[in-house]
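Below you'll find the structure, written out as structure tokens, and then a few comments.
Reckoned from all heavy atoms, side chains included, excluding hydrogens, waters and symmetry mates. We're numbering straight along the sequence, starting at 1. As the structure lists them, so they are numbered: ligands from 1, and atoms in each ligand from 1.
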Amino acid sequence: MVSKMKFDKFLSEEYLKVFNNLPDPIFVTDTKGNILLSNSTTAMVLDLTLDQLLNQNVIELVKKGHYNISYAIKAVEEKKTVTGLVELKNGIVYISTSTPVFDDSGAVQLVITSARPKDLIEGFINTNKREVEYLRNRVFGSTEIIAESKQMKLVLFNAHNVAPTDSTVILQGESGTGKEVLANYIHLKSKRAKEAFIAVNCAAFPENLVEAELFGYEKGSFTGAVTSGKMGLFEAAENGTLFLDEIAELPLTLQAKLLRVLETNEVRRIGSNISKKINFRLIAASHKNLEHLVDLGEFREDLFYRLNVYPLVIPPLRERPEDILALASKFLEIFNNKYEKEIQLADDELEALKKRRWSGNVRELRNFIERRVISSLNDFTSNTYASIISSEKVNCDIKLDKLFEQGLSLKDLVKKVEKDYIEYTIKKFNGSVREAAESLGVYRSVLYRKINEHNEM
Ligand SMILES: Nc1ncnc2c1ncn2[C@@H]1O[C@H](COP(=O)(O)OP(=O)(O)OP(=O)(O)O)[C@@H](O)[C@H]1O
């Protein structure tokens with residue numbers, strides 16, 4: 001048996017670098033199946049850290065259910081290269097090849113195993129692409145989604161693998177972690193990419209309108225309905241993808257109706273007695289823990305199991321500091337272009353960004369960088385700015401004594417500040433309510449409601 005330490009000595013630093021940077025899983029075992037060397041991709045796809053993996057034996061990994069079969073031992077027994085399918089615990093199937101390496105006496109000394117996702121290879125063969133993009137470029141080097149951290153790379157990797165399967169996907173993660181971005185990514189990497197991607201926020205509609213939005217209605221079916229009738233969003237997503245964000249906000253009665261649609265693939269508009277067959281892929285998302293809501297009786301268990309085919313959890317931004325810097329630099333580039341500025345972040349600012357809690361996740365970071373570029377810091381030194389970033393408190397420079405003199409009630413004061421702040425933000429975004437809503441971290445519908453309320457004040 002070759003010990004890991006002894007084995008490492010065989011390899012120059014350059015070889016190790018090449019080995020580590022291979023985008024596919026690759027690892028080396030001894031004749032008993034002990035893992036001597038592995039790249040981090042192998043650990044990542046097995047949902048382990050590299051350290052954990054290096055202490056493992058392939059037979060144990062199979063026993064623990066990380067994957068269903070190992071060809072490394074077979075290669076030792078049969079003294080030849082063995083190839084076969086391996087299914088991981090997340091359902092992804094790989095084509096794995098184990099190649100024995102012999103010593104001078106012809107005995108097997110080591111086995112090198114490498115693997116590639118089956119779907120990916122088949123996809124390449126089927127589309128007969130001449131320019132084969134390597135997995136790392138397709139997934140890890142994606143320009144649409146920033147994923148520097150190991151956790152986010154794994155999420156993206158899993159998203160990449162589930163995309164072509166047409167399976168229902170449920171995305172969980174705090175608000176602003178990138179669930180909609182990921183849903184769109186899955187759509188774009190699926191067979192439905194050329195069809196519609198319909199994103200619906202179940203929390204953005206008043207309860208009585210969600211059904212009409214989703215199912216559509218025939219003319220005159222309820223007061224307030226457009227006289228000509230309206231197509232629902234299920235129908236609008238025909239052949240494409242329907243993304244139901246904040247699915248936990250769907251009222252229980254509608255949850256039952258959604259389940260029926262998923263089981264029958266049929267939709268009936270409100271006021272109609274004709275059902276229509278539809279074909280769409282569902283991606284749902286929630287920042288709430290749906291399993292917990294099932295326990296509380298607030299989410300239907302049957303719908304939960306119907307949705308929970310392929311769950312993907314996006315970790316909060318504070319748990320992936322590598323992404324903070326990568327995202328900040330991307331957003332800086334975007335907003336420097338947009339506002340024709342050349343702002344750079346100083347080292348202390350970058351440090352402060354990494355330490356902040358980012359409870360609004362990527363959305364908060366994006367808004368923060370946009371404000372940073374807009375304000376251009378004429379009257380701040382980078383030091384004071386860094387201290388503002390790192391303090392979690394909002395710096396409201398309001399003259400309290402002046403306010404006190406006005407004798408406003410707390411309610412009126414809050415409304416007044418809210419009104420002024422909203423007006424100020426909309427002005428900053430040249431009148432764009434959409435951008436202002438993004439910056440303020442509220443839905444557009446909420447912002448419109450507030451503007452109406454303020455107009456009536
Ligand atoms: N990994 C990422 N790379 C680049 N941009 C990202 C990433 N994650 C999120 N964003 C950006 O952050 C913002 C929020 O993302 P998104 O709307 O997808 O979050 P969400 O989890 O769906 O939020 P909510 O639960 O509030 O609907 C968007 O502007 C999006 O473009």
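Atom CD of Glu438 is separated from atom CZ of Arg366 by 6.0 Å, given to the nearest 0.5 angstrom.
For residues 299-313, the salt bridge (charged side-chain N to carboxylate O under 4.0 Å, His left out) pairs, not counting sequence neighbours, are Arg300-Asp302. For the salt bridge (charged side-chain N to carboxylate O under 4.0 Å, His left out) condition, the pairs that include at least one residue of residues 162-181, sequence neighbours left out, are Asp166-Arg192, Glu174-Arg318.
Ring planes of Tyr185 and His160: tilted class, angle from 30 to 60°.
At least one N or O atom of Glu180 sits closer than 3.5 Å to an N or O atom of ligand 1. At a 3.5 angstrom cut-off on N or O pairs, Gly176 counts as close to ligand 1. When only interatomic distances are considered, the shortest N/O to N/O separation between Leu327 and ligand 1 does not fall below 3.5 Å.
Contact between Asn289 and Glu291 at its shortest, heavy atoms only, is OD1-N, 3.0 Å.
Residue Glu246 has at least one heavy-atom neighbour below 4.0 Å for each of these atoms of ligand 1: 25 (O). The contact set between ligand 1 and Ile145, taken as ligand atoms under 4.0 Å from a residue heavy atom, comprises 1 (N), 2 (C), 3 (N). Set against the non-hydrogen atoms of Val362, the atoms of ligand 1 under 4.0 Å away are 6 (C), 7 (C), 8 (N), 9 (C), 10 (N), 11 (C), 12 (O).
With Val181, Asp245, Asn367, Asp323 as candidates, the residue nearest to atom 30 (C) of ligand 1 on a non-hydrogen basis is Val181. Taking all heavy atoms of Arg363, His287, Glu174, Glu148 into account, the minimum distance to atom 17 (O) of ligand 1 is reached by Arg363.
Considering Thr113, Thr42, Leu53, Val28 as possible partners of Ile35, the one that fulfils the side-chain contact (heavy atoms from CB on, under 4.5 Å) test is Leu53.
Contacts with ligand 1 closer than 4.0 Å are made by no heavy atom of Lys330, backbone or side chain. Counting heavy atoms closer than 4.0 Å to ligand 1, residue Asn361 contributes nothing at all.
The number of heavy-atom neighbours closer than 6.0 Å to OH of Tyr421, taken from other residues, nucleotides and ligands shown, is 12 or below.
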